[in-house]
Amino acid sequence: MLNPKLLRTEMDEVARQLGRRALKIDKDWFSFREQKRKQLQTAAENLRNQRNRNSKRIAQGKAAGQDVSEIMDEMIEINEELGTSEAELENYTTEINAWMLTLPNIPHESVPDGSTEEDNVVIRKWGELPNFDFPVLSHVDIGKKLGGLDFEKSAKISGSRFATMQGQVARLHRALIQFMLDYHVAEHGYVEVYVPYIVNDASLTCTGQLPKFEEDLFKLATDSPYYLIPTAEVPVTNLWRNHIANENELPAKYVCHTPCFRSEAGSYGKDTRGMIRQHQFEKVELVQLVKPEASWRTLEELTQHAEKILQLLDLPYRVVNLCTGDLGFASAKTYDIEVWLPGENTYREISSCSNFLDFQARRLKARWKNTATGKPELLHTLNGSGLAAGRTLVAILENFQDNQARVHVPEVLRPYMGGLETLSF
RNA sequence: GGAGAGAUGCCGGAGUGGUCGAACGGGCUCGCCUGGAAAGUGAGUGUGUCCUCAACGGGGCACCGAGGGUUCGAAUCCCUCUCUCUCCGCCA
């Protein structure tokens, strides 16, 4: 959520900034309701003040054995008036709050303007693209030949956009997850956490998936509003809901492996083949909560933490700065890391690293006690995939295939594969 | 699934209708004491929001799990929900 004060005092500037996201703000709609709200709130508070004062007078009067019926009569009038203004106030605040929940974060100045992913700006590239002197296979074909990747079986079990893995491929997938977790814990100082995969609506509102993007989620058919998590970001960031941290708790750095569930509504016909876009996939997520002054530096660090995994796996990638049109709802700035996929002859997103500034923290009420001021202040939240395991598996199958019907296992994964150096088909 | 108990500030814990943002204890912070420490001792110590002040500060409103209700007045009474704990049953 954006700072309400900013909306009240700098509305023109906010509207201009959000305009970069091709969003039109109805300034008059807001200022009218905001003015009403303020007026009604002041009125209600004054009436409550009168009521509280009279209440004390009644208590004291009764104790002294005096007649308090006059004050009681006055109270009836006050309460009548208060009831009216409270009801009206409630209408306006509900309306304003609902509206504010639909406003996305303000893009940072370093975010390029643009409408589609075509306008994203490549920041850097790493690794050399492989040169194959034989017809390159896609991960779908390799997986099938290995007998380890099956989409028909999962279609039978569940439907489209699900993968079934078996044998060495399933183990390689698991090895990737273990390796990423271990590395981020040992080398980057993250704390491993295990969290629920089902969350309530409040958690999703705090991280920004709700109320606007409910159609992207799998909602359980229970009485209470339960959803499958679309990313570990939701439960992990919500660990800090309603928490005021001491300085020594910061920065908080979590690494978490979870499955992720996405309805992929609106992506019909997109990436239908293979395991690029699935309803269910595994991801190792990095989440940080930091002091505001540290968040921009942290975004660079966190992105590099994710990149490091690709470097150790020797997978070529590039980092792009998402343009305003491609930027996520809650994010102020996002670096996507895109891995090279020879089977598609293109780069594909494998990680998304974002700085949300205080946007999520405001909804979460995630704060820290600033020792300098002695006051609680909002934290900044960041997260990034480190990495999406399914897509990393795809990248390995495609980049490390050879003309001998083999896939070479990256060295860092071999300890997790019982020393296995190649998968053969 | 059945039966019961509970939810109060950083923690423990009192408070069953009025002057309660909340006793008391612990913790923590600052000070005194001390060669230094412990013990002792004094003071302070919630959050949000609005108004006010040059500043220090001062003031209003709200918050005792959440939401509703009763009442002139609710931490306290009533209803609903959520969560926690204990026992029984079932179970990975």
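All figures in this text were calculated on a predicted structure; none of them were measured in a lab. So you know, we letter chains A, B, ... as the sequences are listed, proteins then strands, and number each from 1.
Note on A/Lys375: nothing from the nucleic acid sits closer than 4.0 angstrom, heavy atoms only. In this structure, A/Asn46 reaches neither bases nor backbone, as no heavy-atom distance under 4.0 Å exists between it and the strands shown. Residue A/Arg8 is classed as a sugar-phosphate contact, given heavy-atom separations below 4.0 Å to backbone atoms only.
Interface residues of residues 58-80 of chain A facing RNA chain B, ordered by number: A/Ile58, A/Ala59, A/Gln60, A/Lys62, A/Met72, A/Met75, A/Asn79; criterion, heavy-atom separation under 4.0 Å.
Taking the charged nitrogens against the carboxylate oxygens, A/Glu264 and A/Arg161 have no contact shorter than 4.0 Å, which rules out a salt bridge. With salt bridges taken as basic N to acidic carboxylate O contacts below 4.0 Å, none links A/Glu10 and A/Lys5.
Relative to the side chain of A/Arg367, the nucleotides B/rU19, B/rU47, B/rC61 differ in distance, and B/rU47 lies closest. Here B/rU47 is the nucleotide among B/rU47, B/rC61, B/rU49 with the atom lying nearest to any side-chain atom of A/Lys369. Comparing B/rC61, B/rC83, B/rG18 against the side chain of A/Arg48 picks out B/rC61 as the nearest. With distances taken from any side-chain atom of A/Glu45 to the nucleotides B/rG46, B/rU49, B/rG60, the minimum falls on B/rG60. The listed nucleotides are B/rU47, B/rC51, B/rC61; the one nearest the side chain of A/Lys38 is B/rC51.
Separating the CD atom of A/Gln39 from the C1' atom of B/rC50 is a distance of 15 Å, rounded to the nearest angstrom. The distance from atom CG of A/Asn54 to atom P of B/rC61 is 12 Å, rounded to the nearest whole Å. Residue A/Arg53 contributes atom CZ, which lies 16 Å from atom P of B/rG73 at whole-angstrom precision. When rounded to the nearest whole Å, the span between CG of A/Asn242 and C1' of B/rC64 equals 15 Å. Put simply, CG on A/Leu47 is 17 Å from P on B/rC72, counting in whole angstrom units. In this structure, A/Glu249 places its CD atom 13 Å from P of B/rC10, rounding to the nearest Å. When rounded to the nearest whole Å, the span between NE2 of A/His243 and P of B/rG48 equals 14 Å. Rounded to whole Å, the distance from CZ on A/Arg37 to P on B/rC61 is 17 Å.
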Sugar-phosphate means primed atoms, P, OP1 and OP2; the rest is base. With that split, encode nucleotides 54-59 of chain B 5' to 3' as B, S or - using protein heavy atoms under 4.0 Å. ------

Dot-bracket for RNA chain B, please, read 5' to 3', with Watson-Crick or G-U wobble pairs under 3.5 Å on both distances, ( ) within the strand, [ ] crossing, | other strand, . unpaired. ((((((((.[[[..)..(.....]]]((((((.......))))))(((((((....))))))).[[[[[..)....]]]]])))))))....

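Taking the ring centroids of A/His305 and A/Tyr190, they lie under the 6.0 Å cut-off. In this structure, A/His257 has its ring center at least 6.0 angstrom away from the ring center of A/Tyr194. Two rings, from A/His108 and A/Trp296, have their centers less than 6.0 Å apart.
Rounded to whole Å, the C1' atom of B/rG58 lies 45 Å from the corresponding atom of B/rA5. Look at the C1' atom in both B/rA22 and B/rU47: the space between them is 15 Å, to the nearest Å. Taking atom C1' in both B/rG12 and B/rG27, the straight-line distance is 10 Å, to the nearest Å. Comparing B/rG89 with B/rC28, their P atoms sit 45 Å apart, to the nearest whole Å. Going from the C1' atom of B/rG73 to that of B/rU82 covers 28 Å, rounded to whole Å. Spacing of C1' atoms, B/rU80 relative to B/rG46, comes out at 29 Å, to the nearest Å. Distance noted for atom P between B/rC24 and B/rA14: 15 Å (whole Å). One P atom belongs to B/rA37, the other to B/rC30, and the distance between them is 13 Å to the nearest Å.
Place A/Tyr226 and A/Pro376 on RNA chain B by their nearest nucleotides, and A/Pro376 ends up nearer the 5' end.
When A/Asn399, A/Ile396, A/Leu312, A/Asp314 are each tested for a side-chain contact (heavy atoms from CB on, under 4.5 Å) with A/Pro410, only one passes: A/Ile396.
Within the structure, side chain to side chain donor-acceptor pair (under 3.5 Å) contacts touching residues 88-97 of chain A (residues at least two apart or in different chains) are A/Arg33-A/Glu95. Counting only residues at least two apart or in different chains, ring-ring contact (aromatic ring centres under 6.0 Å, His included) contacts with residues 352-377 of chain A comprise A/Phe329-A/Phe359. Residue pairs meeting the ring-ring contact (aromatic ring centres under 6.0 Å, His included) criterion with at least one partner in residues 21-51 of chain A, sequence neighbours excluded, are A/Trp29-A/Trp99, A/Phe30-A/Trp99.
Using a 4.0 Å cut-off, no side-chain N or O of A/Asn52 falls inside it from OP1 or OP2 of B/rG73. Regarding contacts with the backbone of B/rC20, every side-chain N or O of A/Lys56 stays at 4.0 angstrom or more from both OP1 and OP2. Distances shown here put a side-chain N or O of A/Asn49 below 4.0 Å from the OP1 or OP2 atom of B/rC61. Taking side-chain N and O atoms only, A/Arg362 has no distance below 4.0 Å to OP1 or OP2 of B/rG48.
Side-chain contact annotation: A/Asn105 with A/Ser331, donor-acceptor N/O pair under 3.5 Å absent.
Between the CD1 atom of A/Ile78 and the CD atom of A/Gln50 there is a distance of 4.5 Å, given to the nearest 0.5 Å.
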What verdict does the salt bridge (charged side-chain N to carboxylate O under 4.0 Å, His left out) test give for A/Glu152 and A/Lys156, after you've listed the backbone C-alpha separation in whole Å, the side-chain angles of each residue and the deciding distance to 0.1 Å? CA-CA 6 Å; A/Glu152 281 151 33; A/Lys156 177 175 64 183; over 6 Å; no

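Side-chain contact between A/Val169 and A/Leu393 is present, with heavy atoms from C-beta onward closer than 4.5 Å. Residues A/Lys375 and A/Asn370 form no side-chain contact, since every pair of their non-hydrogen atoms from C-beta on lies 4.5 Å or further apart.
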